[in-house]
Amino acid sequence: MKYPLQRFREEIKKGVKGALGVEKEIPIEVPEEERGDYALPCFALTEYVEGSPVEIAERLTDEIKLEHGKAEQTGPYVNFKIDEEYLVKETVGTCHEMEHEFGELEEKKKKIILEHTSANPNGPLHIGRARNPILGDTLARMYRRAGYEVEVQCYINDLGRQIAILTWGMMNLDEDDLPERDRDKVDHRLVRYYQRASEELEEGEIEENIEEMIRKMERGEEEMLERFENHSKEIMEGIRESLKRLDIRFDVLKHESSLMADGSVEDALKRMEDLESSGEEDGALYFESEDEKVFLTRVDGTSLYPLRDIAYHIWKVSRGDGMINVLGEDHKLHGKFLKEALEALGVEPLPESIFYSFVSLEGEKMSTRKGTYVTLDDFMETAHEKAREEVLKRREDFTEEEVERVAEKVGIGAVRFNIINVQPEKPIDFRWDDALDFQGDSAPFVQYAHARTSGILSKWGGGDLSDAQLKKLDGEREISLVRAIARYPLEIEQAVKNNSPHRLARYALDLASEFNNFYRDCPVLKSEDKKLERLALVKACHFTLKSILSTLGIDALDSM
RNA sequence: GGGCGUGUGGCCUAGUCUGGAUAAGGCGACAGCCUCCUAAGCUGUAAACCGGGGGUUCGAAUCCCCCUACGCCCGCCA
């Protein structure tokens with residue numbers, strides 16, 4: 001363990017166990033900053049240690065031996081405070097050594113297969129569905145920081161009914177009859193066919209045709225298969241272009257059709273047939289999940305989505321040591337079923353799923369079919385424009401090019417931050433005003449703090465900091481900032497443990513805010529006695545901000 | 001009808017998993033801070049009986065039960 005707070009925590013645990021003579025896991029918590037770095041409430045200890053909580057706290061405080069800090073008793077609590085000189089030296093030192101890799105945890109030698117954005121490719125991503133890639137990509141980034149190897153996959157449903165509807169539209173509708181496209185991009189162009197076809201379907205005219213197309217496709221008729229695949233590919237190209245702007249990429253694109261073609265679905269079917277909890281009804285195979293039947297095939301023997309997804313997961317599990325799926329809350333039941341089925345097949349490890357709630361638009365539902373949505377492209381574009389306005393307001397010295405560059409990074413950062421900032425299971429009601437607010441809890445707030453560090457460092461001009469007497473960093477503000485930096489690896493650890501990327505957004509705000517306080521109170525370049533030391537601290541903070549921003553997939557800026 | 005999830009100042013959110021010491025940020029409101037490393041920043045004030053009710057506990061926003069509002073699901077769709 002290379003980070004000082006991690007080491008101190010272990011020291012406390014060992015010390016407490018030793019002092020009390022117990023082997024039980026000690027529930028150390030993190031109190032408010034003024035009280036210390038760690039705390040131990042002694043109430044619960046009365047169960048297996050003699051005395052009142054206050055007495056236990058007293059005894060513990062007397063007896064515990066800590067190499068890098070001290071224990072202080074406050075009533076029934078023992079507060080542990082790390083030795084500040086040690087904390088400063090270790091934190092700043094490690095940070096300078098690791099630079100923007102600071103925060104990285106030890107290599108886990110495990111490969112995670114992370115699946116996200118496996119939507120029906122029937123139109124452009126809207127801001128509701130965009131929650132999926134942003135969550136998924138941030139998870140991938142934080143798992144990598146935590147020392148895992150990650151393979152990011154996108155599963156493309158190119159055989160579904162949605163694609164059939166789109167394809168029907170492409171074959172039967174005239175572009176001139178469709179509403180004008182709002183953007184010159186393939187997904188925006190094609191979605192209009194899907195939407196119009198859906199309308200016709202609702203009017204009950206074309207159900208037969210759609211079903212016939214699905215049958216043809218499933219019988220393996222080349223022409224139909226090709227159409228389905230091509231259209232889903234085209235839409236995916238548009239989606240991937242949008243995601244690229246957010247710096248989101250996939251390592252593997254897995255087409256559902258490939259699982260049919262290579263016999264994976266066939267194999268999965270055979271394995272499922274052999275299960276005790278499987279049964280047949282009119283020739284259709286089902287799996288009995290609790291008291292519900294989940295059908296795997298139709299009466300005509302063709303496969304259904306649950307079966308194909310089982311096949312996909314069997315394939316995935318062979319490629320890594322763990323699986324994580326990012327899914328909309330409408331897939332909860334499916335996720336539960338999938339786990340049960342895989343467990344019955346003896347597949348392990350089972351996938352972990354992260355479900356997110358949908359995003360509504362000023363209180364209304366979003367629907368691709370009905371066209372009631374804000375596309376991710378529009379969101380990004382508007383964010384960029386708003387950011388450009390803000391840049392122009394304050395930087396007359398920027399060239400056109402600089403304005404655009406900064407506007408893009410600020411705007412796109414705001415988009416990602418806006419989505420990742422809230423816990424996945426909470427619903428988001430999208431409001432333009434909030435999403436485009438670049439003050440307070442936002443990406444630009446963090447980027448701005450980073451730009452301030454860059455400003456100081458570039459004015460200084462660089463040089464050797466090895467003569468810095470780090471123990472001179474003993475002011476309240478300086479120590480607070482060091483503490484915030486030192487917390488970073490632990491935040492990564494926690495975020496991964498709980499699959500909660502939003503914690504990292506929170507942390508980024510805390511760190512930026514802590515730096516802003518330091519910036520206000522502690523002149524760096526004009527400091528008479530601590531210039532080198534403060535520079536060293538600013539540099540450490542610079543690396544840390546850059547690292548957390550990159551974990552969030554947000555670009556750092558040196559000026560804005 | 002059943003299952004899962006959500007409900008925290010006027011508004012948006014953190015804290016809930018792993019119960020602890022005065023419930024934390026932001027927006028908005030009000031009052032302030034740029035001869036000083038970028039004011040996309042900072043300081044201060046007002047504002048919350050943590051959806052409601054029971055329970056467990058020395059201690060509950062956090063755990064359990066009931067109720068309520070909202071969302072999602074309960075297809076030989078995906």
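To the nearest whole angstrom, the two C1' atoms, one in B:rC11 and one in B:rG1, are 36 Å apart. Atom C1' of B:rU68 sits at a distance of 7 Å from the matching atom of B:rG52, rounded to the whole Å. A gap of 34 Å separates the P atoms of B:rA24 and B:rU35, to the nearest Å. Comparing the P positions of B:rC58 and B:rG15 gives a spacing of 29 Å, expressed to the nearest Å. Atom P of B:rG71 sits at a distance of 22 Å from the matching atom of B:rC66, rounded to the whole Å. Going from the P atom of B:rC72 to that of B:rU38 covers 49 Å, rounded to whole Å. The separation of B:rC36 from B:rG26, taken at their P atoms, amounts to 26 Å, rounded to a whole angstrom. For the C1' atoms, the distance linking B:rU43 with B:rA48 amounts to 23 Å, nearest Å.
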Contacts under 3.5 angstrom, residues 430-439 of chain A side chains, donor-acceptor by atom type, not counting sequence neighbours:
{"from": "A:Arg431", "atom 1": "NH2", "to": "A:Asp429", "atom 2": "OD2", "distance (Å)": "2.9"}
{"from": "A:Asp437", "atom 1": "OD1", "to": "A:Gln439", "atom 2": "N", "distance (Å)": "3.1"}

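Under the side-chain hydrogen bond (donor to acceptor under 3.5 Å, both in side chains) criterion, A:Asp397 pairs with A:Arg395, sequence neighbours left out. Listed by chain and number, the residues in a side-chain hydrogen bond (donor to acceptor under 3.5 Å, both in side chains) with A:Tyr312 are A:Gln153 (sequence neighbours excluded). In terms of the side-chain hydrogen bond (donor to acceptor under 3.5 Å, both in side chains) criterion, residue partners of A:Thr167 (sequence neighbours excluded) are, by chain and number, A:His231. Listed by chain and number, the residues in a side-chain hydrogen bond (donor to acceptor under 3.5 Å, both in side chains) with A:Glu207 are A:Arg161 (sequence neighbours excluded). The side chain to side chain contact (heavy atoms under 4.5 Å, CB included) search around A:Glu212 returns A:Arg215, A:Lys216, A:Arg219, not counting sequence neighbours.
Within residues 353-367 of chain A, the residues having any heavy atom under 4.0 Å from RNA chain B are, by residue number, A:Phe358, A:Lys365. Applying a 4.0 Å cut-off to non-hydrogen atoms, none of the residues of residues 45-54 of chain A approaches RNA chain B.
Considering only the side chain of A:Arg161, B:rC77 comes nearest among B:rA21, B:rC77, B:rC37. Between B:rG5, B:rC37, B:rC17, one nucleotide has an atom nearer to the side chain of A:Lys332 than all others, and that is B:rG5. Closest to the side chain of A:Thr74, from the set B:rC72, B:rC37, B:rA21, is B:rA21. Taking only side-chain atoms of A:Phe43, from C-beta outward, the nucleotide of B:rC77, B:rC58, B:rC27 with the closest atom is B:rC58. Of the candidate nucleotides B:rC58, B:rA78, B:rA21, B:rA78 has the atom nearest to the side chain of A:His331.
Within the shown strands, nothing qualifies as a pairing partner of B:rU22 under the Watson-Crick or G-U definition with both distances less than 3.5 Å. Searching all strands for a Watson-Crick or G-U wobble partner of B:rA48 with both distances below 3.5 Å returns nothing. Under the Watson-Crick or G-U wobble criterion, with both distances below 3.5 Å, B:rG7 is paired with B:rU68. Searching all strands for a Watson-Crick or G-U wobble partner of B:rC34 with both distances below 3.5 Å returns nothing. In this structure, B:rC76 forms no base pair with any nucleotide, since neither Watson-Crick nor G-U wobble geometry is met with both distances under 3.5 Å. B:rA40 is unpaired under the Watson-Crick or G-U wobble criterion, no partner having all donor-acceptor distances under 3.5 Å.
As a whole-Å value, the separation of A:Phe417 CZ from B:rG25 C1' is 11 Å. Residue A:Glu329 contributes atom CD, which lies 16 Å from atom C1' of B:rA78 at whole-angstrom precision. Between the CD atom of A:Glu288 and the C1' atom of B:rC74 there is a distance of 15 Å, rounded to whole Å.
The pair A:Arg9-A:Glu493 meets the salt-bridge criterion, with a side-chain N (NZ, NE, NH1 or NH2) lying under 4.0 Å from an Asp/Glu carboxylate O.
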Identify each atom pair where a protein N or O and an N or O of nucleotides 9-15 of chain B are less than 3.5 Å apart, giving names and distance.
{"from": "B:rU13", "atom 1": "O2'", "to": "A:Arg506", "atom 2": "NH2", "distance (Å)": "3.1"}
{"from": "B:rA14", "atom 1": "OP1", "to": "A:Gln423", "atom 2": "N", "distance (Å)": "2.9"}
{"from": "B:rA14", "atom 1": "OP1", "to": "A:Gln423", "atom 2": "OE1", "distance (Å)": "3.4"}
{"from": "B:rA14", "atom 1": "OP2", "to": "A:Lys426", "atom 2": "NZ", "distance (Å)": "2.9"}
{"from": "B:rG15", "atom 1": "OP1", "to": "A:His502", "atom 2": "NE2", "distance (Å)": "3.0"}
{"from": "B:rG15", "atom 1": "OP2", "to": "A:Gln423", "atom 2": "OE1", "distance (Å)": "3.0"}

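Contacts classified as salt bridge (charged side-chain N to carboxylate O under 4.0 Å, His left out) and involving residues 441-454 of chain A (residues at least two apart or in different chains) are given here: A:Asp441-A:Arg506.
Looking at A:Gln162 and A:Asn157, their side chains never bring a donor and an acceptor atom within 3.5 Å of each other.
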Nucleotides 39-48 of chain B: protein proximity per nucleotide (B base, S sugar-phosphate only, - neither; heavy atom, under 4.0 Å): SBSSS-----
Per-nucleotide protein contact string for nucleotides 30-35 of chain B, where B marks a base within reach and S marks sugar-phosphate only (heavy atoms under 4.0 Å, - for neither): ------
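When the nearest nucleotides of RNA chain B are assigned to A:Phe295 and A:Glu32 by heavy-atom distance, the more 5′-ward of the two goes with A:Glu32.
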Worked verdict on A:Glu389 versus A:Lys386 for salt bridge (charged side-chain N to carboxylate O under 4.0 Å, His left out): CA-CA 5 Å; A:Glu389 276 172 40; A:Lys386 174 78 192 304; over 6 Å; no
